[in-house]
Undergrad: 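Have a look at the structure that comes next, please.
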Amino acid sequence: MKNLQLPVLCFAVFIASGLYSQQTTKTFKHEITFTTDNDDYTIKYTDRYYTNGFFLKFATALKDIDKDHLSSKKILTLEFAQQIYNPYRHDLAYLNALDRPFAGVLYVKGGITKIRANENIYQLNIQSGIIGPAAKGKEIHRWWHNIFGLPKIYGWETQLNNEGFVNFSASYHHHLTRHQEEKPWYDAFAFASASLGNNYSGVTTGLQLKLGAFEKAYNSVAWNAKVQRGKQSPNYRRNHELYFYFEPQLTYQFYNAYLQGGFFINDKGFYHVGIKNIIYQHNFGVLFTKGHWTTQLGFTFKTREAQNQIATENFGTIRLGYRFR
């Protein structure tokens, strides 16, 4: 997929530059966002570990902050997604470097985001889906390689077996830079999150740092908060957001079915592996939004999460969103 990098990035930059010229004071109640993750969006071609992800998310405003900022904004999100994982290599010699299992994941997720006037954020999510052949990871992975003329993939016959799952997660984001000028150029949040379920259980803590032009949290695209239930325009700082972000985080994982196989099944599949409990990850990129549209280009680095994982992990993110009433 290395040959896709330049046209994909040029396409995203073209959209962003076109959107920058739009002017609007409208409010929008709903937002649809399509996000794609792929290790081929990075400078270095790897095609390993978390190799592809597709996410379709719908967000709608449930409640606006009142004019006196005495209430909280509430947003409902619904997401449908597929993620695909493979080991260090997937050619004919894949058994010589089988450091994590092949796995496909398919799920739906619903969540509530609550943003207070002081810009502290609370999120609750419930996720349900399936891991294994029923998630169609093999079919999508091979289709993707076939349509772009990429090398044939071997090894999916060893993927993890089917298991349905339910996961619950919660997070809290604390605003660290409250006493700022009217239009600040930097912002910072500290966050902690926890997930519990038979698919994944772990806790994460980290920072979210912004540099550029951005809105207050309850009006920011960072939290799908550009949606507004009422038609009266909120008190925006600017008519756009354009900022760079950096998000370092540390995770302690207790169970990871993408590596260890289904929690409740004895026959987990041909190959499964133990986990490293502590993982460091950082994300960085640029995000632009104006009017109806949002675009984002991002990059993620992640340390080894399996006990015998050969290399660290990198992948890119491309996001495109559209808001409407």
Side-chain angles (χ1 to χ4, degrees), residues 24-35 55-81 107-129 166-178 180 187-197 203-208 210 214-241 243 245 247 287 289-294 296 319-325:
T24 183
T25 57
K26 294 180 179 179
T27 65
F28 307 100
K29 186 178 178 181
H30 314 293
E31 181 180 40
I32 293 179
T33 303
F34 176 73
T35 303
F55 307 84
L56 184 63
K57 178 185 281 189
F58 172 76
T60 187
L62 298 180
K63 186 176 183 296
D64 300 335
I65 285 184
D66 61 35
K67 63 179 180 179
D68 297 318
H69 288 183
L70 298 177
S71 62
S72 299
K73 190 168 193 174
K74 292 183 181 179
I75 301 159
L76 170 69
T77 58
L78 301 171
E79 182 177 77
F80 173 79
Y107 69 81
V108 292
K109 182 168 69 173
I112 295 289
T113 299
K114 179 180 179 180
I115 309 175
R116 297 173 63 92
N118 61 9
E119 300 187 68
N120 292 338
I121 298 128
Y122 306 81
Q123 293 179 308
L124 292 173
N125 293 284
I126 181 170
Q127 179 187 32
S128 180
V166 177
N167 260 71
F168 300 91
S169 62
S171 65
Y172 170 66
H173 307 256
H174 184 77
H175 193 212
L176 298 175
T177 50
R178 295 183 182 179
Q180 295 179 305
D187 207 5
F189 293 80
F191 75 92
S193 64
S195 181
L196 179 65
V203 292
T204 297
T205 185
L207 296 172
Q208 295 165 305
K210 298 180 184 179
F214 48 85
E215 286 294 337
K216 293 184 177 180
Y218 48 78
N219 286 331
S220 179
V221 71
W223 319 104
N224 298 109
K226 283 290 185 184
V227 293
Q228 175 91 3
R229 189 171 182 84
K231 293 186 178 181
Q232 182 178 357
S233 295
N235 186 23
Y236 286 128
R237 285 168 167 165
R238 304 171 176 86
N239 61 4
H240 71 282
E241 288 185 85
Y243 64 84
Y245 63 88
E247 300 174 348
L287 194 149
T289 182
K290 189 172 185 179
H292 291 273
W293 297 94
T294 293
Q296 177 185 355
R319 170 186 173 191
L320 180 64
Y322 180 79
R323 287 176 290 277
F324 59 97
R325 182 159 283 280

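Counting from 1, the numbers follow the sequence of the chain as shown. Values reported hereafter were calculated over all heavy atoms of this structure, with side chains retained and with hydrogens, waters and symmetry mates removed.
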Undergrad: Do any side-chain atoms of residues 107-116 form donor-acceptor pairs under 3.5 angstrom with protein atoms, and if so which ones, sequence neighbours left out?
TA:
{"unit_1": "Tyr107", "atom_1": "OH", "unit_2": "Glu79", "atom_2": "OE1", "d": "3.2"}
{"unit_1": "Thr113", "atom_1": "OG1", "unit_2": "Gln123", "atom_2": "NE2", "d": "3.2"}

Undergrad: Quick check on Asp66: does its CG atom have over 12 non-hydrogen neighbours (other residues, nucleotides or ligands) under 6.0 Å away?
TA: yes

Undergrad: Rounded at 0.5 Å granularity, tell me how far CD in Gln296 sits from OH in Tyr243.
TA: 7.5 Å

Undergrad: Does Thr33 reach the main-chain N or O of Arg319 with its side chain, forming a donor-acceptor pair under 3.5 Å?
TA: no

Undergrad: Test your reading of the model: is there a side-chain donor-acceptor pair from Asn120 to the backbone of His175, 3.5 Å cut-off?
TA: yes

Undergrad: Tell me if a side-chain donor or acceptor on Lys73 pairs with a main-chain N or O of Ala225 at a distance below 3.5 Å.
TA: yes

Undergrad: Does any N or O in the side chain of Asp64 come within less than 3.5 Å of the main-chain N or O of Arg229, such that one atom is a donor and the other an acceptor?
TA: yes

Undergrad: Verify side-chain contact (heavy atoms from CB on, under 4.5 Å) between Thr27 and Arg325, making sure each step is shown before the conclusion.
TA: CA-CA 7 Å; Thr27 65; Arg325 182 159 283 280; 2.9 Å; yes

Undergrad: Short question: side chain of Thr289, backbone of His240 - any donor-acceptor pair under 3.5 Å?
TA: no

Undergrad: When rounded to the nearest 0.5 angstrom, what distance separates CG in Leu287 from NZ in Lys210?
TA: 8.5 Å

Undergrad: Strictly distance-based, threshold 3.5 Å: is any side-chain N or O of Glu241 a donor or acceptor partner for the main-chain N or O of Val221?
TA: yes

Undergrad: Angle class for the Trp223/Phe189 ring planes (parallel below 30°, perpendicular above 60°, tilted otherwise)?
TA: perpendicular

Undergrad: Starting from the C-alpha separation in whole Å, work towards a yes-or-no answer on side-chain contact (heavy atoms from CB on, under 4.5 Å) for Thr35 and Lys57.
TA: CA-CA 8 Å; Thr35 303; Lys57 178 185 281 189; over 6 Å; no

Undergrad: Looking only at non-hydrogen atoms, find the nearest pair between Ala194 and Val203 and report the distance.
TA: CB-CG1, 3.9 Å

Undergrad: Quick one: do the Ser193 and Ser171 side chains pair a donor with an acceptor below 3.5 Å?
TA: no

Undergrad: Salt bridge between Glu215 and Arg237, side-chain N to carboxylate O under 4.0 Å?
TA: no

Undergrad: What closest approach, in Å, do Val227 and Ala59 show between heavy atoms, and which atom pair accounts for it?
TA: CG1-O, 4.1 Å

Undergrad: Kindly say whether the aromatic ring centers of Tyr172 and Tyr122 come within a distance under 6.0 Å.
TA: yes

Undergrad: Please give me the minimum heavy-atom distance between Ile121 and Ala217, naming the atom from each residue.
TA: CD1-CB, 3.9 Å

Undergrad: Starting at OG of Ser233, measure out to CG of Asn219 and round the result to the nearest 0.5 Å.
TA: 10.5 Å

Undergrad: Would you name the heavy atoms of Ile65 and Ser72 that are closest together and state the gap between them?
TA: CG1-C, 3.8 Å

Undergrad: With a 4.5 Å limit on heavy-atom distance, are the side chains of Tyr322 and Trp293 in contact?
TA: yes

Undergrad: Going from CG on Asp187 to CZ on Arg178, what distance comes out if it is rounded to the nearest 0.5 angstrom?
TA: 11.0 Å

Undergrad: Given side chains that start at C-beta, do those of Phe324 and Ile32 come closer than 4.5 Å, heavy atoms only?
TA: yes

Undergrad: Output the distance between atom CD (Gln228) and atom CD (Glu31), rounded to the nearest 0.5 Å.
TA: 13.5 Å

Undergrad: I want to check something: taking the side chain as every heavy atom from C-beta on, are His30 and Phe58 in contact at a cut-off of under 4.5 Å?
TA: yes

